[in-house]
Novice: 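If you scroll down you'll find the structure; I have some questions about it.
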Amino acid sequence: MFTPQTGGAWYGYIAGAIVASIVLIVILTQLPQRARKWVLFTVTFLGGLFYALEFFLPTHEMMIEGNKAEGNFLTPFVVPMANILPALSSFAVGLGVINLFQLHTKRVLKWNLDSINSVVFFVAMILMTVAHIMAKRPHPSEFVTSLQKILFDGALQSLDATMFSIIAFYITSAAYRAFRVRSLEATLLLATAIIVMLGQITIGQLLTSSLPDYLHIEVVRNWILTKVNAPATRAIAVGLGIGSLAVGLRIWLGLERGSYFEN
Amino acid sequence: MTELLVKNANVILLWVGAICTLGLYSVLYKENRLYRIFEHLFLGLATGYLVAQTWTDVLLPKWWKPMWDEGRWYFIFIGVFGSFYYFIFSQKHSWISRIIIGFFLGVASGQAFQAYANDYWPQIPSSFKPVIPHPETQITVAGKVTKIAELTTAGAINNLIFMVIVFCVMMYFFFSFEQKNPVIKNSAKLGRWMMMFTFGAIFGATIMARLALLIDRIDYLLNEFGTAAFGQGSGATTVFGILLVLMAIVLYLALKKDKESPDEGV
């Protein structure tokens, strides 16, 4: 049944699938409160079951797309799943776009001095969407390619880099507050940040060039990053891993309570 | 118009980049209309790019083409399942959107096992390092000769520091019982200090990264844009002069504002 079709058969199957989907949606809308909870639990469990089974089931040598590999009967479906899941999650992009549309349409309809911002938003969004999609088609015109280049390389890239560089100014004020020496912890934070920053620039390296090699600021910086920063980050990461595993298990088995499963 | 744009695309691109850069930097004086416009321009372009990229890089090759061109009719179910997200806009049936959200929560939970085994678990055994200095040696295990690199005294001390820090930081996050035992209490305290080193290093690196971006924008204005707009030789100097004038105007306006209303400001 789940084989590729062509011509009239394809249209027939598509029509059948649409009808089946409508029936499914109608059934879902009629479900009572208690049944909804079970639907949510089942879908969540099935979503995790594939990857859990693929991981836990014993493996053996097998051929996947003509290549020798180690796996079980679910392993050949890992790549198709990796293609399907991004496509499925991409539909969520529309939620954000609809939200922005609702907000800016309201602002345009009010029509005051701030509405110009929303008009700029709409024009920029539509231009970029059309230009990028047209530019990605086979044999795009020179006009489309140039327009896409101006919008992406000229405007978007510049705005992106500038927006993030503005943070440099604000982070300086934040640094002043964070780095005030008030406690041992704040002193350690201050000292490490200064060493890391000075060790990265020439003037810092110049300041300590007359000291013994092991006291050169770039050497101290490197030691801090590899021998202090790395193990602390590793310990945090391992804790994070154990935490996400525990939370994952709770969600997968429907043990997590709260607004998701309850209402 | 079309020909003009195609012929001068590179010059227009540099002008657009410079105008956008200066437009956003105008916020450094104060929140103003020009900044708001460029902020919305950024938002619009970024949204448009996200929408277009989602279509060209994900939905078109992974969903539409297999369904439409390769005859995989059952891919229509991806579209139907994906449309469940949009039930969030229905007050009565918004719970249907939780089906797909739940599916992805389940997928993420299932993948957590693999992520733990592949990403986090190997970090635990690799944190146990040799702490006794030794010269370069060879050992034979099951007929296989393995060379072990020399471990100097400094290397051994570094390894010990590494292990102590891993232990102490993990101890800090150990909340299963009250940390009353002096060994546990003090190692957790040491762990907190070590994390301060880490956060300081991360903060320092973040500041440097942001400053690098700022330097990159100034370099763009002076060299790339300056050369394109005012010629090879004096381009950078001219733009530098213009920037100085702009900064002087901003400074004058700021000082004037301060004199008029000294209580305002941060």
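Just so we're on the same page: letters track the sequence lines, and every chain starts at 1.
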Novice: By a 4.5 Å heavy-atom criterion (distance strictly below it), what part of B:Phe81 contacts chain A: side chain, backbone, both, or neither?
Specialist: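 For B:Phe81, the contact with chain A is made by backbone and side chain together.
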Novice: Enumerate, atom names and distances included, each donor-acceptor pair closer than 3.5 Å involving a side-chain atom of residues 55-64 of chain B, sequence neighbours excluded.
Specialist:
| unit_1 | atom_1 | unit_2 | atom_2 | d |
| --- | --- | --- | --- | --- |
| B:Thr56 | OG1 | B:Ala52 | O | 3.0 |
| B:Lys62 | NZ | A:Asn83 | OD1 | 3.1 |
| B:Trp63 | NE1 | B:Phe75 | O | 2.7 |

Novice: Is B:Ala201 close to chain A through its backbone or its side chain, or both, or neither, when contacts mean heavy atoms under 4.5 Å?
Specialist: both
Novice: Are B:Phe225 and B:Tyr220 close enough that their ring centers fall under 6.0 Å?
Specialist: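 Not close enough - the centres of the two rings lie 6.0 Å or further apart.
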Novice: If we define contacts as heavy-atom pairs under 4.5 Å, which of B:Gly79, B:Gly110, B:Gly44 has the most with chain A?
Specialist: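 Looking at each of B:Gly79, B:Gly110, B:Gly44 in turn, B:Gly44 comes out on top.
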Novice: Please check if the distance between the ring centroids of B:Tyr35 and B:Tyr29 is under 6.0 Å.
Specialist: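 No; B:Tyr29 has its ring centre 6.0 Å or more from that of B:Tyr35.
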Novice: Contact part of B:Ile215 toward chain A, heavy-atom cut-off under 4.5 Å: side chain, backbone, both or neither?
Specialist: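 The answer is neither part of B:Ile215.
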Novice: Checking A:Leu184 against chain B: side chain, backbone, both or neither under 4.5 Å from a heavy atom?
Specialist: side chain
Novice: Is it the side chain or the backbone of B:Tyr49 that comes within 4.5 Å of chain A heavy atoms, both, or neither?
Specialist: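 The answer is both parts of B:Tyr49.
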Novice: Taking side chain as everything from C-beta outward and backbone as N, CA, C, O, which of these in B:Ser94 sits under 4.5 Å from a heavy atom of chain A? Side chain, backbone, both or neither.
Specialist: neither
Novice: Side chain, backbone, both or neither: which part of B:Val80 has an atom under 4.5 Å from a heavy atom of chain A?
Specialist: side chain
Novice: Does this structure show an ion pair linking B:Lys65 with B:Glu70, if we count only N-O contacts that are shorter than 4.0 Å?
Specialist: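 A salt bridge is absent here (no side-chain N lies under 4.0 Å from a carboxylate O).
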Novice: Using heavy-atom distances under 4.5 Å, tell me whether A:Thr3 contacts chain B through its side chain, its backbone, both, or neither.
Specialist: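 The backbone, not the side chain.
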Novice: Go through the atoms of A:Thr226 and report whether side chain, backbone, both or neither lie under 4.5 Å from a heavy atom of chain B.
Specialist: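 The answer is the backbone of A:Thr226.
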Novice: Which atoms of A:Ile126 are under 4.5 Å from chain B, going by heavy atoms: the side chain, the backbone, both sets, or neither?
Specialist: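 Neither part, no heavy atoms under 4.5 Å.
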Novice: Sort out for me which of B:Gly82, B:Ala205, B:Ala9, B:Ala46 touches chain A most, counting heavy-atom pairs under 4.5 Å.
Specialist: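 Counting heavy-atom pairs under 4.5 Å, the top option is B:Gly82.
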Novice: Given the options B:Trp15, B:Phe38, B:Phe77, B:Phe174, which has more heavy-atom pairs under 4.5 Å with chain A than any of the others?
Specialist: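 Highest number of heavy-atom pairs under 4.5 Å: B:Phe77.
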Novice: Tell me, for B:Arg36 versus chain A, whether the close heavy atoms (under 4.5 Å) come from the side chain, the backbone, both or neither.
Specialist: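 Both parts, heavy atoms under 4.5 Å.
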Novice: Got a sec, which residues hit ring pair (Phe, Tyr, Trp, His ring centres under 6.0 Å) with B:Trp121, two or more places apart in sequence or on another chain?
Specialist: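 For B:Trp121, no residue satisfies ring pair (Phe, Tyr, Trp, His ring centres under 6.0 Å) once neighbours in sequence are set aside.
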Novice: Side chain, backbone, both or neither: which part of B:Met163 has a non-hydrogen atom closer than 4.5 Å to chain A?
Specialist: neither
Novice: Where does B:Phe87 contact chain A at under 4.5 Å (heavy atoms): side chain, backbone, both or neither?
Specialist: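 Contact with chain A is through the side chain of B:Phe87 alone.
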Novice: At a heavy-atom separation under 4.5 Å, does A:Phe164 approach chain B through its side chain, its backbone, both, or neither?
Specialist: both
Novice: Let me know if A:Val228 has heavy atoms under 4.5 Å from chain B in its side chain, its backbone, both or neither.
Specialist: both
Novice: Quick one: what part of A:Phe56 sits under 4.5 Å from any heavy atom of chain B, side chain, backbone, both or neither?
Specialist: side chain
Novice: Does A:Arg36 reach the main-chain N or O of A:Leu31 with its side chain, forming a donor-acceptor pair under 3.5 Å?
Specialist: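 Judged by distance alone, yes, a pair lies under 3.5 Å.
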Novice: Side chain, backbone, both or neither: which part of B:Leu41 has an atom under 4.5 Å from a heavy atom of chain A?
Specialist: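 It is both, since atoms from each part get that close.
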Novice: Please classify the contact of B:Tyr116 with chain A as side chain, backbone, both or neither, using a heavy-atom distance under 4.5 Å.
Specialist: side chain
Novice: Counting only heavy atoms closer than 4.5 Å, note whether A:Ile22 contacts chain B via side chain, backbone, both or neither.
Specialist: neither
Novice: Given that the side chain runs from C-beta out, which part of A:Lys227 has a heavy atom under 4.5 Å from chain B: side chain, backbone, both or neither?
Specialist: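 For A:Lys227, heavy atoms of backbone and side chain both lie under 4.5 Å from chain B.
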Novice: What part of A:Phe122 is in contact with chain B, defined as an atom under 4.5 angstrom from a non-hydrogen atom: side chain, backbone, both or neither?
Specialist: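 Neither; nothing under 4.5 Å.
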Novice: Identify the two heavy atoms, one from B:Thr54 and one from A:Ser90, that lie closest to each other, and give their separation to 0.1 Å.
Specialist: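 Closest approach of B:Thr54 to A:Ser90: CG2-CB, 3.4 Å.
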Novice: What closest approach, in Å, do A:Thr162 and A:Ser165 show between heavy atoms, and which atom pair accounts for it?
Specialist: O-OG, 2.8 Å
Novice: Are A:Trp252 and B:Phe113 an aromatic pair, judged by ring center distance below 6.0 Å?
Specialist: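 Yes.
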Novice: Name the region of B:Ile78, side chain, backbone, both or neither, that has any atom closer than 4.5 Å to a heavy atom of chain A.
Specialist: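 Both parts, backbone and side chain.
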Novice: Between B:Arg192, B:Met170, B:Met195, B:Gln111, which has the largest tally of heavy atom pairs under 4.5 Å with chain A?
Specialist: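 Looking at each of B:Arg192, B:Met170, B:Met195, B:Gln111 in turn, B:Gln111 comes out on top.
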